[in-house]
Amino acid sequence: MPGDSITETSGGYGGGDENRPLRNFKLNESTFLASLMPKKEIGADHFVEAHPQYDGRGVIIAIFELIDKKGTPFLSVIDWIYGLDSGVDPAASGLQVTSDGKPKVLDVIDCTGSGDIDTSKVVKADADGCIQGASGASLVVNSSWKNPSGEWHVGYKFLYELLTDTLISRLKKERKKKWDEKNQEEIAKAVKHLDEFNEKHSNPEEADLKRVREDLQARIDLLRKQADSYDDKGPVIDAVVWHDGDLWRAALDTQSAEDDSDCGQLANFVPLTNYRIERKHGVFSKLDACTFVLNVYSDGNILSIVTDCSPHGTHVAGIATAFHPKEPLLNGIAPGAQLISCKIGDTRLGSMETGTGLIRALIAAVEHKCDLINMSYGEQTLLPDYGRFVDLVNEVVNKHRLIFVSSAGNSGPALSTVGAPGGTTSSIIGVGAYVSPSMAAGAHSVVEPPSEGLEYTWSSRGPTSDGDLGVSISAPGGAVAPVPTWTLQKRMLMNGTSMASPSACGGVALLISAMKAEGIPVSPYSVRKALENTSGPVGELPADKLSTGQGLMQVDRAHEYIRQSRNIPCICYEITVNQSGKSTPTSRGIYLREASACQQPTEWTVQVQPKFHEGASNLEELVPFEECIELHSTEKVVVRAPEYLLLTNNGRSFNIVVNPTKLSEGLHYYEVYGVDCKAPWRGPIFRIPVTITKPMTVKNHPPFISFSKMSFVPGHIERRYIEVPYGATWVEATMQTSGFDTTRRFFVDTVQICPLQRPMKWESIVTFSSPTVKSFAFPVMGGQTMELAVAQFWSSGIGSHETTVVDFEILFHGIAINKEEIILDGSEAPIRIDAEALLSSENLVPVATLNKIRVPYRPVDAKLGTLTDNRDKLPSGKQTLALTLTYKFKLEDGAEVKPQVPLLNNRIYDTKFESQFYMVSDTNKRVYAMGDVYPSATKLPKGEYNLRLYLRHDNMQYLEKMKQLLLFIERNLDDKDVIRLNFFSEPDGPVMGDGAFKSSVLVPGHVLKKEAIYLGPPVKDKLPKNAPQGSVLLGAISYGKLSLAGQEGEESSEKNPVSYQISYVVPPNKVDEDKGKSSSTSLKTVSERLEEEVRDAKIRVLSSLKQDTDEERSEWKKLSTSLKSDYPNYTPLLAKILEGLLSQSKVEDKIHHHEDVMDAADEVIDSIDKDELAKFFSLKSDPEDEETEVCIRVANFPPSLWFPFGQDFSEFSKFIIELLRKKKAMETTRDELAEALYQKGLALVEIESLKGKKAETEGTKDLFEDNFKGLQKWVDAKSSKYGTLLVLRERRRGRLGAALKALNEMMQDNGDPPKKKLYELKLSLLDEIGWKHLSTYEKEWMLVRFPPSLPLF
């Protein structure tokens, strides 16, 4: 089996028959269990057997967790997981103690802040030991808890904000089931009451009885409707933090998460302190079984609740370090090692990583003096080995001597798919994923294992875009390892480079354990060299290194290498390569990918720079350093290098000549490496990778290429390199399979590399249940080499013994245009586009649509401050700074929006900025959306919003420059607002309205081979509303048409495989011709107008006065009394006085205050001539059609009213204007009357509530009822503006069902943001009616809709 036999090379290390074919492979129980946690493959089992004390003891590993996963057919739960974060569950099986009895998990940290709770609010307990929690709940503190200051910091968190989606889904099902049971009980009671009423009153005729019946029916309807709209936001967890005189401690109240109300009470919680101090954890409830730990920061003002948010982190920790004393075969690689868990994925973002999480994790690793970092995730990058995170990683590795191991990525099988940071960063050991026959048979339970080990199909491959190998080594990429308790199982199968990385990390922990025990200095430089020079090769071809790195790591060999190298200086060799005569660009290897690079020999300058760890002695280490290096080329015919090099501390350069001219088409891999002349047993001490992909040229017309009779067995990969013809923009391909019986699964990838761009990759996973043909279409870049990688999945077809035959045909299409990105500048001028076909005849069928709008915003506020927590203090000692920018925007209608910050978006690793995070909240502080570098679209209702953007860096100058950072709010246009642009055959077409262009045929080589078309701007009246000047409409434009079956008739630019961005800058609005002209001519004298202006100015002063203090209220009252004396019965003044009374807060005598409101309302009511008002509004018309109403009124005038004007239309115009003015004044008066009646009704209800009896007159009339009927005369009492009074009326009559129904209808009709008073009214009605389950539900939603404060970043 792999790992059994290792054959040394002549140099002493680096060879092995790891991949020899196996025959008659059989498992027994022990080998089966061993295959679940593979160790034999890397020699870890033999090593620990030989050195039981070197099992990771004395080693601390920092687990940074996240995954970028292309799944396998064996485990549906991890199929296609991308960017999932985790964290480690300290309660999981095998993660309690090390093999020598020490605590396994030393610390558990949420580096993202996603579990942070604002506990800055301080309260004191009352005489009964009760405090009010931040959620509003009354909490009882345990009298035995020490709290010398008596100050309790409180905060709250929704439980679902801390949990993974899988667990939330399970909890929602359980909670919904219990809620439905309670709801059904209430429905049954309500139906029973209605039935009893119907039996007693079979045919009620009286109005009161009918209303009672309607109320009973309303209760049933409400309960049923609530079941349909149920949306569980989860239990609310109250948190309390205090200082016991020695430590900060915290406790949680989790009653709402428990089935039993006696469980989860705050007083019964066993207080916790920061995990690293006492290493204790808790569980929220028996139902969720989710482990958490607590950490307190900022002197008690922040409590961090740390949970894992996927099984992934615990699984990774188990692979590296799990210890099962009763099941040693299931131990991790290094059961003696300890670990810290650094959660770097943000739960708020679906567990994507953030810059904040990454930087804090590095800080924690240095602070805890870790030896190793494992990081299991990655993504494509624009620039390899670049960015702020990479800079800090280099500091951690070079200065603090941490060894950094990371997954290479799961984006294979094509080349140049390694992800950042693991596969692209020089100071990180990037690990590929290997599967052995025993892993396939045991962990994956395949019918028949492969005869030899191989790399998983999806494991990412090198080289990087700058020529580095990309993958350093390989390790087993699958295991059955521990998972968190909330999964309700002990172990789970996962596979990916995420699993290979901790396998390699565990192996390195064994080496470090041995080095510490044997007194050998630990250095990431010497350990990496040992790993790479002792790995066993996987595959027989030199190019297999691009998949596997230097091979499958071997712990025992690496240990021997380290022992032998103990007196060798700890040095790494930085390689910088540039083409001779050119200073830029520089690279870390030689990568000849394009056809032009393979047509002649090239000379390259290689700079080798020895690099010592920071702090190395000048006299004792740097000055004496000198090495005689013998240079070797793996193929001297192609790559020629000097024979020797004398290397000193200051480095040395030499030249390499690469001659690819005589190479065959395809992939070729070579190395130039240096060997220490005095110690050749060390093997290569540095390597310069040389990768050449010599593409084939397409010579057929029309341009197509076919690959026939390609034979596939499980795991086999066919690579073809094609120079995409100039002028090609898309490909239409077919894949035909034959010669097999059982289902086959293929990966089909294409990759092109363009300078300073992320690799242009297209991929498809294709399953063939029987021999058939499948078609594809995808974009390409003309003139660039394209790799086509076709791979049969490693386990697909195992046991069949039949070879799959594939015929693959590619047909290139293309329409060349003179402008790829179209920008319409807002003018009426069209854009000319020249199109031609360079390859073959193509149908030119242009389609352009604008379906998005971006509106620019500048910040309205910018706050820059220093973060004082130790978790934000960089290893260099610098403190991180934070800039918070606030933007305001408004939506006139509900829309799906996406914030965009062009400077920062879409880059995490290849950026010099540290991190960003945004939150979108409404005026009630309800958070609707959160995001970071990859913003996502969120559906927002109509309303006003704040967006807070949070930026971090340690350089104040960078942040100062960003205080006016431009942000775009991008929203999708409704289907009815999407603009389809028109094309014309002549430049005047958009104005003249003729010459529309639909389609034509482009013929290459034709005398008129170019076709000029004109893209017209959108028609101005088609622009979407609320598109302000300077905003940008975005969309796509395409030119071609697919010829594949089933694509005919498609007319969407989005559906064409190649489309380009089109944008339209919204111009200034047209000038309003009437602007500046007098809209009316006053009929009043100057003195009358002056008197009115003075009066209105006084009223405005009254309205502006504050009433926060007794003195201010006294001044306000004095002025209001004076104005009432000066302007008696002036309704607008009386309405403002009523408004002022309503704005008063902190009223002590509430009854007296409400009586004042009633008096003020009566004054407004009495000041209005209601008969005149009723006469004016007796004629019904469309209230929005002002002109029509005026015309109707004028048309109904008697002839006598017309004669005074005669032919003087100016007088008639004045009359019409005066009539319009009167109409507006009457509407204002009506509104003032309605508002007074409404506020009087509310005041009556409040007084009744305070006095405990209904308000009646001497004749026992119901004052409220009389007032309500008065309101009904003027407005619709069911409207959202006045509906509260209707709800209160139903409540006064005991019809709680009807009251709730009216309240729900009113809130649904109201398009404004939710009003807290309405929901408080709903809660009181639910409590009064006795529906406790609905009351609890609404209380949870109250904290969602009306949080007391905004959450922390």
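Heads up: numbering here begins at 1 and tracks the sequence. This is a predicted model, so every value here is computed, not measured.
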Under the criterion side-chain contact (heavy atoms from CB on, under 4.5 Å), I'd like the reasoning laid out for M499 against Y456: C-alpha separation, chi angles, the key distance, then a yes or no.
CA-CA 12 Å; M499 281 64 247; Y456 280 101; over 6 Å; no
Going from [atom1] on [X] to [atom2] on [Y], what distance comes out if it is rounded to the nearest 0.5 angstrom?
X	Y	atom1	atom2	answer
S465	Y591	OG	OH	8.5 Å
I429	S406	CD1	OG	10.5 Å
L339	L95	CG	CG	6.5 Å
D676	E627	CG	CD	5.0 Å
K529	I685	NZ	CD1	7.5 Å
H668	T634	NE2	OG1	12.5 Å

Donor-acceptor contact below 3.5 Å, side chain S407 vs main chain S501
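Such a contact is absent between S407 side chain and S501 backbone.
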Check whether any side-chain N or O of E367 sits under 3.5 Å from a backbone N or O of I363 as a donor-acceptor pair, and report yes or no.
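Answer holds: no.
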Pairing donors with acceptors under 3.5 angstrom, does anything connect the side chains of [X] and [Y]?
X	Y	answer
N655	T605	yes
T464	D466	yes
E395	S876	no
T424	Y909	no
S547	R461	yes

Within the structure provided, determine whether [X] and [Y] are in side-chain contact (heavy-atom separation under 4.5 Å).
X	Y	answer
L362	F389	yes
R528	P524	no
Y670	V638	yes
S503	I333	yes
V97	K104	no
N398	E614	no
S513	H51	no
T321	V59	no

Tell me the closest heavy-atom pair linking [X] and [Y], and the distance in Å.
X	Y	value
I344	M375	CD1-CE, 4.4 Å
I688	G589	CG2-CA, 4.5 Å
S472	E532	CB-OE2, 3.6 Å
A440	P450	CB-CD, 3.5 Å
A514	F47	CB-CZ, 4.0 Å
F612	P569	CE2-CB, 4.5 Å

Please work out whether the ring planes of H632 and Y673 are parallel, tilted or perpendicular, with thresholds of 30° and 60°.
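Rings of H632 and Y673: parallel, under 30°.
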Flag if over 12 foreign heavy atoms under 6.0 Å of CD, E49:
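Atom CD in E49 is crowded, with more than 12 foreign heavy atoms closer than 6.0 Å.
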Counting only heavy atoms not in K636 (residues, nucleotides, ligands), do more than 12 fall under 6.0 Å from its NZ?
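Incorrect, the count does not exceed 12.
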Pairing residues for Y525 by the ring pair (Phe, Tyr, Trp, His ring centres under 6.0 Å) criterion, not counting sequence neighbours:
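Checked Y525 against ring pair (Phe, Tyr, Trp, His ring centres under 6.0 Å); matches are H613.
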Applying the side-chain contact (heavy atoms from CB on, under 4.5 Å) test to P642, which of L631, V672, V606, I629 qualifies?
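Going through the options one by one, the only one that passes is L631.
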Which residue, D556, N533, T534, forms the side chain to side chain donor-acceptor pair (under 3.5 Å) with Y561?
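Looking at D556, N533, T534, the match for Y561 under the side chain to side chain donor-acceptor pair (under 3.5 Å) is N533.
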What do the steps show when you test I403 against V522 for side-chain contact (heavy atoms from CB on, under 4.5 Å), and what is the final call?
CA-CA 9 Å; I403 300 171; V522 177; 4.3 Å; yes
So, using side chain to side chain contact (heavy atoms under 4.5 Å, CB included) as the criterion, who are the partners of S35 when residues are at least two apart?
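Only F32, S438 meet the side chain to side chain contact (heavy atoms under 4.5 Å, CB included) criterion with S35.
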In chain order, what residues pass the salt bridge (Lys or Arg N to Asp or Glu O under 4.0 Å) check against E518, with sequence neighbours excluded?
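Salt bridge (Lys or Arg N to Asp or Glu O under 4.0 Å) list for E518, sorted by chain: R563.
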Lys/Arg N to Asp/Glu carboxylate O, K545 vs E671, below 4.0 Å:
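Salt bridge flag = yes for E671 with K545.
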Would you please test D55 and F323 for side-chain contact (heavy atoms from CB on, under 4.5 Å) and show each step?
CA-CA 10 Å; D55 64 350; F323 174 59; over 6 Å; no
